[in-house]
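Heads up, the thing below is written out as structure tokens.
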Amino acid sequence: MTSDLSTLFDRLFPLCRSITGPGLRESLAIFAEHMPLEIHGVASGTKVLDWTVPQEWSVQSARLLGPDGAVICDFADHNLHLVNYSQPYQGKMQLEELQKHLHSLPHLPDAIPYVTSYYNPLWGFCLPHRQRMALEDGEYTIDIQTTFTDGEVNFATCDLPGESDEIVLISSYLCHPSMANNELSGPLGLLRMYEHLRDLPRRHFTYRFLLCPETLGSIAYLSRFGDEVKDKIRGGMVLTCLGGHRESLSFKLSRQDWLDAPSPIDNLARKFADLYPDRFDLRPFTPTSGSDERQFCSPGFNFPIIQAARTVYGQFVEYHTSGDDKRFMRIEQVERAADVLAEFMQVFDYEGQNLRNTQPFGEPQLGRRGLYPTMNSPMNRGNSSDNAVDQRQTLNRLLMFLSLADGQRGLNQIADKIGCGPDALLPILAELQKQNIIVTEKIGD
Amino acid sequence: MTSDLSTLFDRLFPLCRSITGPGLRESLAIFAEHMPLEIHGVASGTKVLDWTVPQEWSVQSARLLGPDGAVICDFADHNLHLVNYSQPYQGKMQLEELQKHLHSLPHLPDAIPYVTSYYNPLWGFCLPHRQRMALEDGEYTIDIQTTFTDGEVNFATCDLPGESDEIVLISSYLCHPSMANNELSGPLGLLRMYEHLRDLPRRHFTYRFLLCPETLGSIAYLSRFGDEVKDKIRGGMVLTCLGGHRESLSFKLSRQDWLDAPSPIDNLARKFADLYPDRFDLRPFTPTSGSDERQFCSPGFNFPIIQAARTVYGQFVEYHTSGDDKRFMRIEQVERAADVLAEFMQVFDYEGQNLRNTQPFGEPQLGRRGLYPTMNSPMNRGNSSDNAVDQRQTLNRLLMFLSLADGQRGLNQIADKIGCGPDALLPILAELQKQNIIVTEKIGD
Amino acid sequence: MTSDLSTLFDRLFPLCRSITGPGLRESLAIFAEHMPLEIHGVASGTKVLDWTVPQEWSVQSARLLGPDGAVICDFADHNLHLVNYSQPYQGKMQLEELQKHLHSLPHLPDAIPYVTSYYNPLWGFCLPHRQRMALEDGEYTIDIQTTFTDGEVNFATCDLPGESDEIVLISSYLCHPSMANNELSGPLGLLRMYEHLRDLPRRHFTYRFLLCPETLGSIAYLSRFGDEVKDKIRGGMVLTCLGGHRESLSFKLSRQDWLDAPSPIDNLARKFADLYPDRFDLRPFTPTSGSDERQFCSPGFNFPIIQAARTVYGQFVEYHTSGDDKRFMRIEQVERAADVLAEFMQVFDYEGQNLRNTQPFGEPQLGRRGLYPTMNSPMNRGNSSDNAVDQRQTLNRLLMFLSLADGQRGLNQIADKIGCGPDALLPILAELQKQNIIVTEKIGD
């Protein structure tokens, strides 16, 4: 049974998330209603890798009043009005002095921009550029009631166990207040993928799900669990920006791929993009922008983790503004992304297994197994069995499968040689496994 | 001294071969007059790899008579009239019932098709489609006198010993009755290759020749000798369809090549096709069609064995019909194929040998060996010696040969770097060997 | 302080050099005034590799007189008039008989050709073709006073020590009399490179300089020192033909490159040619022509030594004639070549060192190090720090450098991935080294 992502979205959207604090915890608690999340906390002041966990930030209220007392910006109306991690401030100042605390976008005059200053103490308001241009000279009143307290940074994990203790890590981030595609699409898609993989009859890998604030949260996760998982991670995927207008999904490949040693999940992403160019495209790894793969793929960890997205930074002008809302994101686009990525993972689940023909000396006598035409004549050479006039495609694939399944290659390599997608071979594989002509073997065993 | 292949052809053509039985044995006996073949037999009922040797099939007579008693088909006229491995049957039936036992080709209305049913017991007649269409309603008389008896499947081998006990396997098949290109061209070409290689002053490899019924015969050979030869096979070639209209010869590469690890004989075939594109072409390995390379290259054996042919299945409409006769095949085309393939083997005979310059430190002083111009001036820089005005080609090849013969590469690699065929270097190599500047070394020793 | 190459040229040009003898020794002595050369000698008759050191050749005088007693050729006028290594001869002969001892170039009727006969005893004169054609019948007088004495072949070496005892060999040849581009440009360029590298604050490699007569001299060097240096040579460069009209420099790659295993200096030459195609071009290795790289790259030594040149054989018609003079060569072209090649060597000096990020787990927090914008907003995403509006190029290169410097790659590989020349990264590297975020490591340690 799957959750109603639209209802979930509406509960999550208004919360004022940041990299720490109550909005983050409330959001994690909502997801924990739908998957058995374990919530972790790392105390303020703790050294996490090269960073230090900051204090928790809470907002009681924040208002900017005009010379006539009218409300210009009110955090209660939209939490993007306040620069994230603003210091508290109460005071009055002339418009000219105030201007350096205001943020707006001339090219998007009706949108409120999203501005943060996590590590440099300051305060500020964000507002539509059209509104800002209309401000009149005079004395403005600032009343920002925020607090910084020792607390913790939080993140949440849960596992779907498989036959193997090798881990596939699926993560997304929760830290942006009131944005949709570049915030809620990722965790909502992650929940939907969890539900798909949870419902499979069998999993080879153990799937670990992680929800955390971007950068700081993944650094905190790696600081606590990096050593434990680093030899077990077989692949993974950071989910971000799964909604929006684009039809195809886009994989950002891992650092291993960038360094010309693509990992299995990079290769599978490349294969899907090759096979289905209308449905998938690729972006090379870069450490200069992106999401938590920047941490997972840092040179000390170098995990084989890709990023999956639909409409990313640079593809929508509403990025990091109030224009990134539910209407732009569209719940159905997030759901479709999660469905497709769960299928991708079902294929990836065969990674690291070779296939072996148990009758490798000469051709198996297919005739007595009902897999070959019994009479050979110039009239039926296009058939794969006495009755099936199918241009022999199935028989040819079966013969190629038997020749290729020599215990030295897996489903993907076999599909490559046959010239089809790995999914297209699953019915043949099932038949050959049923007759015990093909078995699977863990590579290296 | 070479055999007269045309006379041999005329003796072999009328025999009714099948995968077992007297026609096969008579055919092998004829070849044994020309090469010292050892005849082997594996008893009916014996398990050979995944298969079981069937009973021997013999035909005493087979006739189909029309309602008026006229002979429609008589095995004595053409042994293709009877479905190969037909059950015995005597009886009468109406044309409508008879039709499901008749085989003909609408697109070749004057040809008798070749039909077999080795493993499914049935009976049938093959006839020209034009004749079949003219059959009138009424009661037909069937009289098929065949017997199935415990006997054996036969195959034959002989060896040409070389300096090394590494084996090059050259095989062809004998099992089709009264066909030419897709039957006798292979064994006749094999005999001619045998005679060429037999007459060489020196052979590095041991050449093993194998004649056997297709599929079952090679499976029987592998069942008995596969373990013994599998670590000794260095290369090999299945001969099929060496006649017909095509000018160029065609190599079907081995399974090793298909799996991106081409063996030395694959590489040599590729080299010849690159060097001489008008004379050679290539086909990739496939397990879905072909001849006995399907068995030799099955994943359990995975031998480096290619197939050589001239006019193959798909290139002549007469395939598997009575139209595949001597006139279509042409003896001269078979002879030319064997001549060229024997030359190919002479080059392959250098495989696995590296060449080493015995004077590798600095350039050898060629002048005192008569290999260099003694006076250097702007007037003779195009010469390779004082007297030879030949654009220095020979001297340049000699200098390159000396630089390349470092004990880490063989004739083919040296020829590649120099930019010519390996055959073109043999005179230089002979001169350098005579002066003991170049010696050969077995790779790995 | 650098030497005045023009003055040096004028002292060196008139000397009658050959592969042995006083002209060679005088030339080496002049270079020894500018660099601490050690002069070596190998006695006549000594076996050096496959060769034997010949006797020393000295010329006292050589004249050819016409029937009327007029001087046709006089060695005192131009030392190219006499075939190098001419036997002594005094006598008279008719023009017809004399012709086979005369050498001239129809296509360069005013040039004296350069002719040698080191290993075949004969005598001859070289003269402009226009002059030769005007010779009248009659009796000519030949008076060649040369001597052959037991002596030695000489060469000279000096070292610039570095942190490592791995050697970079820089060589050029001295053996052609009175020629400029194809003789003095090499040693003069070598001296200038010596001066550049001598003045560096730090060298990783030890630079060995070698001046020797071509072929025989490098063979003598290798015979005496080849075993000692063969495991220490990390790279090297033969200098030849550094002057002339061509703008770009040309690298002849090493034999290792030819055999598809390019050495580091081959790869750096390829990189420079890729990055700066207007300034560098490449020639493949060949053993059929060239300079002392033919000996250094002979298969027994196979040193990673390239050849650097500007205007080589085949690119100037004056090659090996009296037309190859100072005006053709141009001192400035030789100086520019040496400047550029010394820069090339400064980059090569980093070869074999990997770079390691000391903070590899997660991203280093660049903000607290002054390397990152402190406030993130849609308005400053093009900036690399709070103040620098530079399309982020510097920040992006820095982030890529940190990701790539994983101790498994060096400056060149990092530059490749970033997409710039290695020189362009030196400022970033310096900053990161200053903050101790990047350290260097010898590969293999």
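Below, chains carry the letters A, B, ... as their sequence lines are ordered, and counting in each starts from 1.
By the 4.5 Å heavy-atom criterion applied to side chains, C:Leu404 and A:Arg255 are not counted as neighbours. Within the 4.5 Å cutoff, no side-chain heavy atoms of A:Thr288 are placed close to those of C:Arg397.
Using a 4.5 Å cut-off between heavy atoms, A:Phe296 makes no contact with chain C at all. Contacts between C:Arg356 and chain A at a heavy-atom distance below 4.5 Å are absent for every atom of the residue. Contacts of A:Leu259 with chain C are made by both backbone and side-chain atoms, with heavy-atom separations under 4.5 Å.
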Stepwise side-chain contact (heavy atoms from CB on, under 4.5 Å) check, A:Leu49 with C:Gln365: CA-CA 9 Å; A:Leu49 304 180; C:Gln365 195 181 2; over 6 Å; no

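For the atom pair CG (A:Asn302) and CZ (C:Phe361), the distance works out to 11.0 Å, reported to the nearest 0.5 Å. Note: C:Leu399 CG to A:Ser289 OG = 9.5 Å, rounded to the nearest 0.5 Å.
The main-chain N or O of C:Glu363 is found under 3.5 Å from a side-chain atom of A:Gln295 such that the two form a donor-acceptor pair. Put simply, the side chain of A:Ser298 gets close to the backbone of C:Gly362: a donor and an acceptor are under 3.5 Å apart.
Annotation for C:Pro364 and A:Asp50: closest pair CA-OD2, 3.2 Å, computed over non-hydrogen atoms. When all heavy atoms of A:Phe285 and C:Ser403 are compared, the pair lying nearest together is CE2-OG, 4.0 Å.
Among A:Tyr85, A:Phe301, A:Trp51, the residue making the largest number of heavy-atom pairs under 4.5 Å with chain C is A:Trp51.
Classification of A:Asp260 and C:Lys417 as a salt-bridged pair holds, one side-chain N sitting under 4.0 Å from a carboxylate O.
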